[in-house]
2 protein chains.
Amino acid sequence: MQKTASQVPGLHRASLRKLHELDGALELMYYGWRGMTLEADAYLATVGLSRPHHRILYVVARRPDISIGELIEVLGISKQALNRPLALLLERKLVAAKRSPEQHRSKLLRLTAAGQKIEQSASNHERKVLRDAFAHVGAPGAAAWMAVMGAIADNS
Amino acid sequence: MQKTASQVPGLHRASLRKLHELDGALELMYYGWRGMTLEADAYLATVGLSRPHHRILYVVARRPDISIGELIEVLGISKQALNRPLALLLERKLVAAKRSPEQHRSKLLRLTAAGQKIEQSASNHERKVLRDAFAHVGAPGAAAWMAVMGAIADNS
DNA sequence: TCCTCACGTCAACATAGTTGACGTGAGAAT
DNA sequence: ATTCTCACGTCAACTATGTTGACGTGAGGA
């Protein structure tokens, strides 16, 4: 047992000197991301999965019969990177692949019932964090948050 | 050359069916995080560094003479995980370690001039994204964003 | 003087990503 | 009809970032 510090799972926000006006916002983004995914990751670990598996489950849930190629595009990773986590999901029958009868050039992916259950549980953890946060600021605050995040996301 | 899709660096937001009310917010958080760090990561890559190095530089810049133990606590990673990236920063003389004269139980870390320059450049990329996004919504929107992110971050 | 234990380091391993190489089969070109 | 091409998916090898475990060292208390 060698963790004098950081036995806190949630990594309380550190107090750092602010060198720039926006440092606070910067740190909020960092800790916000961690805060949202913390419980979901812990849940996923209990079922032997992790973040990349969840991302796959999330997308497949919302695009049934998606092909591997499309999945790669949506996730923004290489097809080789997709291979291992997806193989695990298939092996554990959380995702089912069928080749369409006449067109068997690509595989079509779907969640099994078990896969759906895990996807929903994990995503629920994340949505709960957001729901609670939005409750603090009401609908206008939530709308403003969405607007800012949209602007940040669309930067590129 | 084998990337028919995803040659777009910025990974445009995918259009996924929304199964829950908060799915949009969930995805915004994901793409927002990516959006903020995208340019900074690209810059860091040009100088042979990456995200963990930047996090170290960021913290050390705001806590000069921090010890390794404190740094571990702030970053929320294990001291072994810190070891390799920090060793690189020391080797490249972006961070300097001095042992205090009488108390040489712990090392005190500081950025060198070169380290400061890189930290500022990388952080500037991230702050710029935030600044632009905030400009879209004005001060009240920014305040609401901060409030929501604070609530999300403090979840734990 | 000795014990303890925080500090920091090294070694071994897991996981998630990368690039490269390649088999296979659909569809186009000839 | 035959051949070419090339997208699709898979496998192998490698890199990077993290984990846990083991351990040397020296400060400070007993």
Checklist outcome for this item: In whole angstroms, the gap separating P of dA27(D) from NZ of K107(B) amounts to 15 Å
Checklist entry - For the pair made of CD1 in I77(A) and C1' in dT15(C), what is the distance, rounded to whole Å? => result 13 Å
Next on the checklist: For a quick test of reading the model: is some side-chain N or O of S78(A) closer than 4.0 Å to OP1 or OP2 of dT18(C)?
Outcome noted: yes
Checklist entry - Closer than 4.0 Å, any side-chain N/O of K79(B) to the OP1 or OP2 of dG18(D)? => result no
Item to check | Phosphate OP1/OP2 of dA16(C) contacted by R51(B) side-chain N/O (<4.0 Å) | outcome: no
Item to check | salt bridge (Lys or Arg N to Asp or Glu O under 4.0 Å) evaluation trace for E126(B) with R55(B) | outcome: CA-CA 12 Å; E126(B) 300 183 347; R55(B) 273 185 287 163; over 6 Å; no
Checklist entry - To the nearest angstrom, how far is N83(B) atom CG from dA16(D) atom C1'? => result 15 Å
Checklist entry - Which heavy-atom pair separates G48(B) from L88(B) by the least distance, and what is that distance? => result O-CD2, 4.4 Å
Checklist entry - Closer than 4.0 Å, any side-chain N/O of R84(A) to the OP1 or OP2 of dT18(C)? => result no
Item to check | Interatomic distance where CG belongs to L86(B) and P belongs to dG18(D) [whole Å] | outcome: 12 Å
Checklist entry - Going by modelled atom types, is there a donor-acceptor pair between the base of dG18(D) and the side chain of Q80(B) at under 3.5 Å? => result no
Checklist entry - Whole Å only: how far is the CG atom of L82(A) from the P atom of dT19(C)? => result 15 Å
Checklist entry - Which heavy-atom pair separates G24(A) from M146(B) by the least distance, and what is that distance? => result C-CE, 4.4 Å
Checklist entry - dG9(D) P sits how many Å from I66(A) CD1, rounded? => result 11 Å
Item to check | Separation of atom CG in D41(B) from atom C1' in dG17(C), rounded to whole Å | outcome: 13 Å
Next on the checklist: What contact category does S50(B) fall into here, base, sugar-phosphate, or nothing, at under 4.0 angstrom with non-hydrogen atoms?
Outcome noted: sugar-phosphate
Checklist entry - What class does the angle between the rings of Y43(B) and H125(B) fall in, given that below 30° is parallel, 30 to 60° is tilted and above 60° is perpendicular? => result tilted
